Amino acid sequence: MTLPKLIVWYNTKCPVCNGGIEWQSNRLVKAARAGAIEFRDINLEPDALSHIPASVEDVRRRLHGMDTTGQTFIGADCAIEIWLRTPGDNLLGKLAGSAAVRPVARFVYDRFADLLYSWNRRKGHW
């Protein structure tokens, strides 16, 4: 089954967020070239998600994605969707997206995202 294309907005000014995308760049480039994922910098498109609504600060706090059917994915759910579309990470996406693991993944992601957001604000990564 082919999943619809996913557009992901993230904060390139966050060294951890940007590093995470770069760390997986080989796999993500393959997914992007295949048309499965497109990554966009929310700092360059601050109003891109105003229709859902999501602010720049929301994206700076958590990944936001939307597929071509209009379904929105935020935080851990967006990460899971990225993994499902990334060669070599499909199993991780299926595991993290399972009914038993997804609530834990959301909790862990949200706590980490809150800490990272606070750290970025203190360091001035905006």
Side-chain angles (χ1 to χ4, degrees):
M1 172 178 80
T2 302
L3 296 169
K5 180 180 179 177
L6 180 68
I7 299 172
V8 177
W9 287 270
Y10 73 107
N11 180 20
T12 58
K13 293 182 181 180
C14 167
V16 175
C17 304
N18 204 41
I21 299 299
E22 288 179 9
W23 177 66
Q24 284 198 308
S25 65
N26 289 337
R27 289 180 177 164
L28 294 176
V29 165
K30 289 178 186 176
R33 284 189 184 146
I37 305 173
E38 181 180 341
F39 291 93
R40 295 187 181 173
D41 181 0
I42 195 63
N43 299 298
L44 300 176
E45 300 180 71
D47 297 324
L49 297 174
S50 61
H51 62 284
I52 53 176
S55 69
V56 172
E57 290 304 308
D58 293 332
V59 177
R60 286 177 175 164
R61 186 178 292 269
R62 288 173 180 74
L63 287 173
H64 280 64
M66 182 177 291
D67 69 18
T68 53
T69 69
Q71 188 169 358
T72 303
F73 305 97
I74 299 171
D77 294 326
C78 186
I80 290 165
E81 291 298 316
I82 291 169
W83 292 328
L84 289 172
R85 290 166 175 80
T86 303
D89 288 343
N90 309 71
L91 186 58
L92 178 59
K94 288 176 184 177
L95 175 65
S98 70
V101 178
R102 188 179 292 260
V104 175
R106 286 176 176 160
F107 179 83
V108 171
Y109 181 100
D110 287 346
R111 299 302 72 77
F112 179 74
D114 290 342
L115 290 170
L116 182 58
Y117 180 78
S118 296
W119 178 78
N120 275 322
R121 290 195 55 88
R122 279 194 311 279
K123 295 292 185 178
H125 295 145
W126 308 117

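The structure presented is a predicted model; accordingly, all values stated were derived computationally and were not measured.
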Apply side-chain contact (heavy atoms from CB on, under 4.5 Å) to the pair Asp67 and Arg85, showing each step before the final yes or no.
CA-CA 11 Å; Asp67 69 18; Arg85 290 166 175 80; 4.2 Å; yes
Phe73 side chain near Ile80 side chain, heavy-atom distance below 4.5 Å:
no
Considering only distance and modelled atom types, tabulate donor-acceptor pairs under 3.5 Å from the side chains of residues 47-54, sequence neighbours left out.
from, atom 1, to, atom 2, distance (Å)
Ser50, OG, Asp47, O, 3.0
His51, ND1, Ala48, O, 3.4

Hey, any chance Ile74 and Leu116 share a hydrophobic cluster, counting ILVMFWY side chains that come within less than 4.5 Å of each other, even indirectly?
no
Would you compute the distance between atom SG of Cys14 and atom CH2 of Trp119 and round it to the nearest 0.5 angstrom?
6.5 Å
Return the CG to CG distance between Asp89 and Leu95, rounded to the nearest 0.5 Å.
12.0 Å
Taking salt bridge (charged side-chain N to carboxylate O under 4.0 Å, His left out) as the test, write out the residues that go with Asp114, two or more places apart.
Arg61, Arg62, Arg111
Do Asn90 side-chain atoms and Leu84 backbone N/O form a donor-acceptor pair below 3.5 Å?
yes
Let me confirm one number: the CH2-CD distance from Trp9 to Glu38, rounded to the nearest 0.5 Å.
8.0 Å
Thr12 versus Asn43: any side-chain heavy-atom pair under 4.5 Å?
yes
Can you run down the side-chain hydrogen bond (donor to acceptor under 3.5 Å, both in side chains) pairs that involve residues 92-102, sequence neighbours left out, and say none if there aren't any?
Asp77-Arg102
Within this structure, what is the NZ-CZ distance for the pair Lys13 and Arg60, rounded to the nearest 0.5 Å?
6.0 Å
Trp83 and Ala96 have their tightest heavy-atom pair at CZ3-CB, 3.8 Å
Which heavy-atom pair separates Leu44 from Pro46 by the least distance, and what is that distance?
C-CD, 3.4 Å
What pair of heavy atoms forms the shortest contact from Gly65 to Cys78, and how long is it?
N-SG, 3.6 Å
Count I, L, V, M, F, W, Y as connected when their side-chain heavy atoms are under 4.5 Å apart, and connections chain through other members. Are Ile37 and Leu63 then in the same cluster?
yes
To the closest 0.5 Å, what do you measure between CG (Asn11) and CG (Asn18)?
8.5 Å
Taking the side chain as every heavy atom from C-beta outward, state whether Pro15 and Asn120 have any pair of such atoms under 4.5 Å apart.
yes
Is Ile82 close to Phe39 at the side-chain level, that is, under 4.5 Å between some pair of heavy atoms?
yes
Which atom pair, heavy atoms only, marks the closest approach of Pro4 to Thr69?
CG-CG2, 4.0 Å
Measuring from Glu57:CD to Ile42:CD1, what's the distance to the nearest 0.5 Å?
10.5 Å
